[in-house]
Enquirer: 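Sharing a structure here in structure tokens format.
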Amino acid sequence: MEKRYNTLSSELRRRYGSRLGKICIDGGFTCPNRDGTCGTGGCIFCGERGSGEHITPSTIENQVRSYLASPAASKFGGYIAYFQNFTNTYEDPGVLRGRYSEALVDPRIRVLSVGTRPDCVDRERADVLAEFLQGRDVWCELGLQSASDKTARFINRGYDTARFGNAVDLLRSRGIEVIAHIIIGLPNGVRSREGERELAETVRLINSLPVSGVKIHSLYVMKQTRLCELYESGGYEPLSLEEYVSLASFAICRLRPDIVLHRVTGDCPRALLAAPSWNAYKTRVISSLDSYLEAHGLYQGCLCK
Ligand code: SF4
């Protein structure tokens, strides 16, 4: 079935002539929302490993070299070095420079991609990222989740939405591409969840900024998180697959047509997934979304003003 939105794989083929393999790296960072700098306990959905649960801890160079030596890597002609766990700009500039350099051990790494929080991007850190633009692209993945400050407070995000726009401007002015992470189905109170109104606001914010990519995550409940406690006490009800597909389509139709969708569903290791069970079947989620868009004659940007 032909995709009705811009996929990352098509974009990579267009830019680099082939898909790129993603090397997921635990760079040894922590998060200011966990160590007490701006909060403790982290965002309510965040697991103990800060989203890189599948990564085997090792030195940065070893993580990269072991991926490159694996059978999975042989399918690709080039790679993305993706610093995934926690907040990957939350260190002194010299430390950041060293850790990013340690990953770039192979000329086939075409992209340095760094996941972080908008309140951990300042001029100095944006300058360090820009140093790595020589001969490769640099992407910064910013966790927005929602444009609603009410939701942000409830999920303990730890920064105001205005910080997102500031970080995008700092990065884009240096040639660094920004990929925004958003989550569908977030709670904004006990037994209260975001719906179309909040999602429209989040998409409107993204459309108003020079963001080049979006990752759409379905909110899943990971075991041993505060969201899991809320779920188990009856304070949060996960979306059904049908609700998720409808809301994801709602967002895609309103998203600017030039933005690339890097992902359209969340990915939780099965052993850690408490709910919803449908989240474990990524292919089914994506095909349900594709079928819904097709059946309703919808495509990315068709309702973007
Ligand atoms: S900002 Fe990211 S790493 Fe930090 S607590 Fe929130 S989700 Fe976890």
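Numbering of ligands and ligand atoms starts at 1, following listing order. Reckoned from all heavy atoms, side chains included, excluding hydrogens, waters and symmetry mates.
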Enquirer: Under a 4.5 Å cut-off applied to non-hydrogen side-chain atoms, are C38 and R117 in contact?
Expert: yes
Enquirer: So if I count the atoms of ligand 1 from 1 in the order they appear, which ones are less than 4.0 Å from some heavy atom of R117?
Expert: 1 (S)
Enquirer: Is C43 close enough that one of its N/O/S atoms sits under 2.8 Å from atom 6 (Fe) of ligand 1?
Expert: yes
Enquirer: May I ask you to decide if C46's main-chain N or O and T225's side chain share a donor-acceptor pair within less than 3.5 Å?
Expert: no
Enquirer: Against heavy atoms of G42, which atoms of ligand 1 measure under 4.0 Å?
Expert: 5 (S)
Enquirer: Can you tell me if, anywhere in C31, an N/O/S atom lies at a distance from atom 4 (Fe) of ligand 1 that is smaller than 2.8 Å?
Expert: yes
Enquirer: How about Y299: does its OH atom have over 12 heavy atoms from other parts shown lying under 6.0 Å from it?
Expert: no
Enquirer: I would like to know whether D149 and R157 meet salt bridge (Lys or Arg N to Asp or Glu O under 4.0 Å); could you show each step before the answer?
Expert: CA-CA 9 Å; D149 279 322; R157 190 181 65 184; 3.6 Å; yes
